[in-house]
Amino acid sequence: MSIEFDNNLPIYLQIMNHIKRQIVSGLLQPGDKIPSVRELAAEMQINPNTIQRTFQELEREEVVETKRGLGRYVTSEGSKIMAIKKEMAGDLLHQFIHGMQELGFKNKDIVSIVKEAVAAETESSSNQKGGQLDGNNTEG
């Protein structure tokens, strides 16, 4: 697990966010075992107390659960994982909208730009997936 740490945010929060991203993206599945404090501290070359604090916060937020004598596991509650995903999406949207507004864009312009970008991304994805090979090619 490799993270480029930002000096403006506590390390334990950065590790928490990294683990949450792994969960919502599917790299860590519900019920998966999480590395131990010692393993993660050695891998990331940081103090085990920092990892312990990270895990305590993740448990407090019910993102991971401890099974006595077995270790820590990703929550099996799909609703909790979806809530984390929505929260992270909201944070990204807030940052994006605020940044666009700082550039002078009005809300309706931001919506138009996003629609165009999504349409372009969708078209690009379908072309990369071999749209010309499946008989659905609309070009003459």
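- Taking 4.5 Å as the limit, some side-chain heavy atom of Phe55 sits within range of a side-chain heavy atom of Ile19.
- No donor-acceptor pair under 3.5 Å is formed between the side chain of Glu116 and the backbone N or O of Ile113.
- No donor-acceptor pair closer than 3.5 Å links the side chain of Thr66 to the backbone N or O of Arg68.
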Only pairs under 3.5 Å count here: list side-chain donor-acceptor contacts from residues 83-109, not counting sequence neighbours, and write none if there are none.
| unit_1 | atom_1 | unit_2 | atom_2 | d |
| --- | --- | --- | --- | --- |
| His98 | NE2 | Glu102 | OE2 | 3.0 |
| Gln101 | NE2 | Asn107 | OD1 | 2.9 |

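- Checking side-chain atoms of Ser124 against main-chain N and O of Ala120 turns up no donor-acceptor pair under 3.5 Å.
- Atom CG of Leu58 and atom CD1 of Ile34 lie 7.0 Å apart (nearest 0.5 Å).
- There is no path of hydrophobic side-chain contacts, each under 4.5 Å, that joins Tyr73 to Val37.
- Between Lys80 and Glu61, none of the side-chain N atoms (NZ, or NE/NH1/NH2) sits under 4.0 Å from a carboxylate O, so this pair counts as no salt bridge.
- To the nearest 0.5 Å, atom CZ of residue Arg53 and atom CD of residue Gln56 are 8.5 Å apart.
- Contact of the Asn127 side chain with the Glu123 side chain is registered, since non-hydrogen atoms from C-beta on lie closer than 4.5 Å.
- Looking only at side-chain heavy atoms (C-beta outward), Ile81 and Pro30 come within less than 4.5 Å of each other.
- Within the 4.5 Å cutoff, no side-chain heavy atoms of Val74 are placed close to those of Gln29.
- When all heavy atoms of Gln22 and Ser25 are compared, the closest pair comes out as O-OG, 3.3 Å.
- Residue Leu9 is grouped with residue Ile51 when hydrophobic side chains (ILVMFWY) are merged at heavy-atom distances under 4.5 angstrom, including chains of intermediate members.
- Residues Ile23 and Val63 are in side-chain contact: their nearest non-hydrogen atoms beyond the backbone lie under 4.5 Å apart.
- The structure places CD of Gln52 at 13.5 Å from OH of Tyr12, a figure rounded to the nearest 0.5 Å.
- When each of Asn47, Ile46, Ile3 is paired with Ile11, the side-chain contact (heavy atoms from CB on, under 4.5 Å) condition holds for Ile46 and for no other.
- Met82 and Leu27 are assigned to two separate hydrophobic clusters, defined by single-linkage of ILVMFWY side chains at heavy-atom distances under 4.5 Å.
- Summarising the geometry, atom CD belonging to Gln14 is positioned 8.0 Å from atom CG belonging to Asn7; distances are rounded to the nearest 0.5 Å.
- Residues Ala41 and Pro48 approach most closely at CB-CA, 3.8 Å, considering heavy atoms.
- Here the closest non-hydrogen pair linking Lys33 and Leu70 is CE-O, 2.9 Å.
- Of the possible donor and acceptor atoms, none in the side chain of Glu65 sits under 3.5 Å from a partner among the backbone N and O of Glu62.
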